[in-house]
Amino acid sequence: QRGCVTALRSPLVVNVKDKGAKGDGRTDDTEAIQAAIDVVGGTGGTVLVPSGTYMVDAVDKKQRLALRSDMTLKLDKGAILKAIPNDSRKYSVLSISGVSNVAVIGGTIEGDRTEHQGKAGEAGMGIRIERGAKDVTVAGVTSRKMWGDGFYVEDAKNTKFCAVIADNNRRQGLSIVEADGVLVTDSVFSNTHGT
């Protein structure tokens, strides 16, 4: 994970369960996780996601998980952020849009590929990095079963992917549409098929 070590800039750690997230694979945990993100954003602190399956709304732009600048999202090894099954042509489980100094470390981002309720579109993304985002590090994260791409980068600067896995995504493991400075190291992109 060389080049991807991110120093914690603040001792602040907020556990999503303290904001009401259940991680039971049934409850919509979007609001609780976003509440933790909103507290930590701008502080250099860390949002911690313990083991469990957290169902999240990946479609609604006003609802879906959006990271803020100057923060780390750390998922335990057994933590899964899973898209609530939908019929949308376009979604993102985790949005990193127009922000800077962000790290996502560990865990799994999972799409709704096997439960997707529509037939059209191919833009269901795991982590979408866009709109001038800069200094973004994604390390040790698995992104799988997306209707579209595991990881998607468009209009971003200095983006690093270290020891990531993209598995069984429908369109691409990683799309780099427009970027200035992308590092991909020690990563695996496998079983991409479908469109």
Side-chain angles (χ1 to χ4, degrees), residues 16-17 19-41 47 49 52-69 71 73-75 79-99 102 104 106-133 136 138 141-156 159 161 164-178 191-195:
V16 297
K17 290 207 162 173
K19 292 294 179 186
K22 299 275 186 272
D24 60 10
R26 292 185 307 276
T27 307
D28 180 346
D29 285 323
T30 317
E31 203 173 307
I33 296 170
Q34 189 63 48
I37 290 168
D38 292 346
V39 168
V40 169
V47 170
V49 183
T53 298
Y54 300 80
M55 304 302 292
V56 297
D57 183 343
V59 178
D60 187 336
K61 278 189 171 162
K62 291 188 178 71
Q63 298 288 335
R64 66 186 178 204
L65 297 181
L67 296 188
R68 305 217 179 259
S69 291
M71 66 167 291
L73 178 68
K74 187 170 189 330
L75 293 89
I80 300 170
L81 297 181
K82 184 166 172 22
I84 294 169
N86 62 75
D87 64 358
S88 182
R89 299 165 62 95
K90 180 179 181 180
Y91 66 70
S92 56
V93 180
L94 194 58
S95 173
I96 301 175
S97 180
V99 297
V102 175
V104 182
T108 298
I109 315 290
E110 186 171 307
D112 68 340
R113 179 177 183 154
T114 52
E115 308 108 318
H116 195 73
Q117 296 153 355
K119 296 267 187 274
E122 53 182 45
M125 313 307 189
I127 298 182
R128 181 189 291 267
I129 301 167
E130 63 181 359
R131 299 190 184 207
V136 176
V138 181
V141 175
T142 296
S143 185
R144 66 188 185 199
K145 300 182 187 173
M146 296 302 156
W147 187 244
D149 306 345
F151 304 97
Y152 179 88
V153 180
E154 181 176 12
D155 182 20
T159 307
F161 295 92
V164 301
I165 296 170
D167 185 59
N168 193 19
N169 295 298
R170 186 166 159 265
R171 190 179 77 163
Q172 305 248 72
L174 165 66
S175 288
I176 302 169
V177 180
E178 179 199 347
N191 303 313
T192 304
H193 63 99
T195 190

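- At distances below 3.5 Å, at least one donor-acceptor pair connects side-chain atoms of W147 with backbone N or O atoms of A120.
- Counted by atom type alone, H193 and N168 present one or more donor-acceptor pairs between their side chains at under 3.5 Å.
- Here the closest non-hydrogen pair linking T30 and R64 is CG2-CA, 4.2 Å.
- The backbone N or O of K145 sits nowhere less than 3.5 Å from a side-chain atom of E110 that would complete a donor-acceptor pair.
- In E115, the CD atom is crowded: over 12 heavy atoms of neighbouring residues, nucleotides or ligands sit closer than 6.0 Å.
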Please evaluate residues K22 and D29 with respect to the criterion side chain to side chain contact (heavy atoms under 4.5 Å, CB included), reporting the C-alpha separation (whole Å), side-chain torsions for both, the decisive distance (0.1 Å), and the verdict. CA-CA 7 Å; K22 299 275 186 272; D29 285 323; 3.9 Å; yes

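- By the 4.0 Å N-to-carboxylate-O rule, R68 lies close enough to D38 to be salt-bridged with it.
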Give the intermediate values and the outcome of side chain to side chain contact (heavy atoms under 4.5 Å, CB included) for residues L65 and L81. CA-CA 10 Å; L65 297 181; L81 297 181; 4.1 Å; yes

In sequence, state the C-alpha distance, the side-chain angles, and the governing distance for D57 and Q34, and then conclude on side chain to side chain contact (heavy atoms under 4.5 Å, CB included). CA-CA 11 Å; D57 183 343; Q34 189 63 48; over 6 Å; no

In sequence, state the C-alpha distance, the side-chain angles, and the governing distance for S175 and D149, and then conclude on side-chain hydrogen bond (donor to acceptor under 3.5 Å, both in side chains). CA-CA 7 Å; S175 288; D149 306 345; 2.7 Å; yes

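- Taking each heavy atom of A32 and G20 in turn, the nearest pair found is CB-C, 3.7 Å.
- Listed for the D155 side chain is a donor-acceptor partner under 3.5 Å among the backbone atoms of G132.
- Contact between G111 and K82 at its shortest, heavy atoms only, is O-NZ, 3.4 Å.
- Scanning both residues, V138 and F151, for their nearest heavy atoms gives CG1-CE2, 4.0 Å.
- Under the 3.5 Å distance criterion, the side-chain polar atoms of T53 are left unmatched by any main-chain donor or acceptor of G25.
- Y91 and H116 have tilted rings, their planes meeting at an angle from 30° to 60° on a 0 to 90° scale.
- The number of heavy atoms from other shown groups lying within 6.0 Å of NZ (K17) is above 12.
- Side chain of D167 to backbone of R144: no donor-acceptor contact under 3.5 angstrom is found.
- The two atoms that bring S143 and G126 nearest to each other are OG-CA, 3.7 Å, heavy atoms only.
- Donor-acceptor pairing under 3.5 Å is recorded for the side chains of T195 and E122.
- Just one residue in the list V164, I109, T108 forms a side chain to side chain contact (heavy atoms under 4.5 Å, CB included) with T142, and that residue is T108.
- Distance check: I33 CD1 to K19 NZ gives 13.0 Å after rounding to the nearest 0.5 Å.
- Using a 4.5 Å heavy-atom cutoff, the side chains of L73 and L94 are in contact.
- By the side chain to side chain donor-acceptor pair (under 3.5 Å) test, D24 pairs with T27, sequence neighbours left out.
- Within the 3.5 Å criterion, the main-chain N or O of M146 finds a donor-acceptor partner in the side chain of N169.
- Other residues, nucleotides and ligands contribute more than 12 heavy atoms inside 6.0 Å of the CZ atom of R113.
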Could you go through the side chain to side chain contact (heavy atoms under 4.5 Å, CB included) check for V141 and L75 one step at a time? CA-CA 9 Å; V141 175; L75 293 89; 5.6 Å; no

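- D112 contributes a side-chain N or O that, together with a main-chain N or O of N86, makes up a donor-acceptor pair within less than 3.5 Å.
- A 4.5 Å side-chain heavy-atom check between T159 and I176 finds every atom pair outside the cut-off.
- Residue R170 comes nearest to G121 through the heavy atom pair NH1-O, 3.0 Å, listed as atom of the first residue, atom of the second, then distance.
- The backbone N or O of E130 lies less than 3.5 Å from no partner atom in the side chain of Y152, so there is not a single donor-acceptor pair.
- The CD1 atom of I127 lies 5.5 Å from the CD1 atom of I96; values are rounded to the nearest 0.5 Å.
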